[in-house]
Trainee: 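Submitted below is the structure of interest, expressed as structure tokens.
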Amino acid sequence: MFVCSHCRHGSSKWFGRCPDCGAWSSARESSSTATPRPVVTTLASAAPKHRLSTGLAALDSVLGGGLVPGAVTLLAGEPGIGKSTLVLQLLDEMAAGGLRAMLAAGEESLDQVGLRAARLGIAADHLLALPSTSVTDVLAAVEAERPDVIVIDSIQTLVHEGVDAAPGSVTQVSECARAMVGYAKSSGTALVLVGHVTKDGAVAGPKALEHVVDVVLTLDGERSGGLRLLRAIKNRFGACDEIGVFEMGGRGLKAVPDPSAMLLESRRAGVPGSVVFAGLEGSRPVLVEIQALVSKSSMAQPRRVAIGIDSRRLIVLTGVLSRRAGLSIHEQDVFVAAAGGLMVREPAADLAACLAVCSALRDVPVNPGLVAVGEVGLSGELRRVPGLERRLVEAARLGFTAAIIPSRTERVPAGIRAIEVEALGDAIDAVAALTNVSA
Ligand code: TYD
Ligand code: MG
């Protein structure tokens with residue numbers, strides 16, 4: 001009797017592909033004719049999973065300690081962001097650690113992968129590589145080679161012969177993933193799937209996979225900038241509050257130990273339109289310079305351009321600035337950017353963006369010792385943000401001496417003066433009062 005390890009379909013004959021759920025290589029011999037019933041136990045019997053270190057400390061901490069054997073991780077990100085680079089570095093480190101590491105390359109030829117490996121200084125001979133887009137080939141290869149870790153780059157290029165759908169379509173991607181996930185679970189192999197998403201998440205493929213996999217990692221950043229942020233947005237084996245900050249350089253991705261210092265490195269203090277935002281990425285405080293430029297528009301409809309922050313938020317904020325704080329920007333083009341190529345997604349950056357626009361419009365620099373944090377509501381009120389204390393501790397560590405914040409409930413660390421304000425207008429006044437004083 002053979003039972004599908006995936007859906008428990010039973011059959012008296014061995015099958016390569018389960019006739020019921022379509023999973024490949026999921027047939028397992030079973031001594032009884034009935035599918036085995038689960039036994040009730042207590043959670044105490046659940047053994048803690050051991051983990052495979054990826055050799056990249058920043059990646060390990062995002063994963064919560066490393067890859068879990070038998071678990072499936074989806075690495076999602078826009079094309080060109082560095083996914084292939086990251087997985088190649090991971091495979092190299094794991095192979096160097098004595099594990100069998102294999103790459104199934106569907107997207108690029110082995111020559112291209114080899115060039116990347118050479119660029120990264122990776123000795124290509126200890127990595128197993130398979131140039132194929134066929135699930136059957138991949139499953140046959142992994143059955144034969146029994147790697148400890150497999151990377152599929154990318155899941156969108158994989159094709160399941162039994163499925164009549166275009167590569168990259170939701171049906172095709174889901175079926176391929178299902179087959180690979182079935183193999184990973186039954187063999188205890190750590191599986192990493194690379195998936196492309198576009199800016200608005202339009203490619204449905206990876207989204208459709210999120211519930212099938214155990215861990216979803218996203219890699220993002222402004223492609224032109226060097227900075228890349230790795231986050232876990234789902235993790236069945238750990239928390240989602242760690243982030244990894246990397247920099248894409250000439251030899252691949254390198255962890256950035258002190259992102260705030262790096263982001264502020266090239267800041268020119270005392271320039272109009274620059275305000276430092278005390279941000280929080282997961283549980284990690286990150287200081288980011290928000291820059292604004294305001295210039296008279298030649299268009300009937302002035303432009304609002306956001307780089308590294310949400311463009312819809314910028315439109316709302318310019319509306320609030322003009323209606324609630326009396327700024328005359330309705331005939332001005334407004335450009336706002338998060339410096340350093342970081343994507344700032346927090347509403348807590350609203351205040352810094354507004355103050356930057358105000359400073360740019362008036363052509364008056366804000367005090368360089370100042371950070372700002374707070375969400376701005378539609379009526380111009382300032383809203384509380386989570387993790388205020390952590391943000392301010394980081395600001396104090398980097399030498400900032402004053403912070404404009406919403407009314408607080410948390411402690412403010414020593415060394416930093418907290419200026420509590422209730423509304424955007426008050427914040428603008430507070431900044432003006434600080435301009436000529438040392439903060
Ligand atoms: P890649 O990993 O191919 O992106 P993805 O798989 O997400 O599409 O990397 C994309 C970019 O990274 C590419 O434009 C070149 C650049 N890059 C570097 O800057 N340094 C490097 O060492 C490597 C390997 C790539
Ligand atoms: Mg790639």
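Positions are given from 1, in the same order as the sequence printed here. Both ligands and their constituent atoms are indexed starting at 1 by order of listing. Values reported hereafter were calculated over all heavy atoms of this structure, with side chains retained and with hydrogens, waters and symmetry mates removed. These figures come from a predicted structure and were not determined experimentally.
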Trainee: So, do T73 and L67 sit near enough that their side-chain heavy atoms are less than 4.5 Å apart?
Mentor: yes
Trainee: Given the protein's heavy atoms, is any one of them under 4.0 Å from atom 14 (O) of ligand 1?
Mentor: no
Trainee: Taking heavy atoms and a distance under 4.0 Å, where does L120 meet ligand 1: side chain, backbone, both or neither?
Mentor: side chain
Trainee: Return yes when G77 approaches ligand 1 closer than 4.0 angstrom through a heavy atom, no otherwise.
Mentor: no
Trainee: Given M248, R116, R228, identify the one with the heavy atom nearest to atom 16 (C) of ligand 1.
Mentor: M248
Trainee: Would you call E107 and K83 a salt bridge, using N to O less than 4.0 angstrom?
Mentor: no
Trainee: Is there an N/O/S atom in T85 at a distance below 2.8 Å from the Mg ion (ligand 2)?
Mentor: no
Trainee: Which label fits W24 and H160: parallel for a plane angle under 30°, tilted from 30 to 60°, or perpendicular past 60°?
Mentor: tilted
Trainee: I'd like to know if E281 and R231 make a salt bridge, using a cut-off of under 4.0 Å between side-chain N and carboxylate O.
Mentor: yes
Trainee: Looking at E394 and R391, does any basic side-chain N land under 4.0 Å from a carboxylate oxygen?
Mentor: no
Trainee: With the side chain counted from C-beta on, respond yes when V3 and H9 share a heavy-atom pair under 4.5 Å apart, and no when they do not.
Mentor: no
Trainee: Between D220 and R345, does at least one N-O distance fall below 4.0 Å, as a salt bridge requires?
Mentor: yes
Trainee: If the threshold is 4.0 Å, N to carboxylate O, is there a salt bridge linking E381 and R383?
Mentor: yes
Trainee: What part of R251 sits under 4.0 Å from ligand 1 if we count only heavy atoms: the side chain, the backbone, both or neither?
Mentor: backbone
Trainee: Taking the side chain as every heavy atom from C-beta outward, state whether V192 and I150 have any atom pair closer than 4.5 Å.
Mentor: no
Trainee: Tell me whether R228 is salt-bridged to E247, with the criterion being a basic N under 4.0 Å from an acidic carboxylate O.
Mentor: no
Trainee: What residue and atom, counting heavy atoms only, is the protein's closest point to atom 20 (N) of ligand 1, and at what distance?
Mentor: G249 O, 2.6 Å
Trainee: Before signing off on this row, confirm whether G80 and ligand 1 have an N or O atom pair separated by under 3.5 Å.
Mentor: yes
Trainee: For atom 11 (C) of ligand 1, decide whether some protein heavy-atom distance is shorter than 4.0 Å.
Mentor: yes
Trainee: For atom 4 (O) of ligand 1, which protein heavy atom lies nearest, and how many Å away is it?
Mentor: G82 N, 3.1 Å
Trainee: Between the candidates L115, L88, D153, T85, which shows the shortest non-hydrogen contact distance to atom 1 (P) of ligand 1?
Mentor: T85
Trainee: Examine the proximity of ligand 1 to S84 and report which part, side chain or backbone, both or neither, has a heavy atom under 4.0 Å away.
Mentor: both
Trainee: Under 3.5 Å between any N/O of P79 and any N/O of ligand 1: does that happen in this structure?
Mentor: no
Trainee: Specify the protein heavy atom at minimum distance from atom 22 (O) of ligand 1: its residue, its atom name, and the distance to 0.1 Å.
Mentor: G252 N, 2.6 Å
Trainee: Are any of the heavy atoms in G226 under 4.0 Å away from ligand 1?
Mentor: no
Trainee: Among E78, R119, Q112, which one puts a heavy atom closest to atom 18 (C) of ligand 1?
Mentor: R119
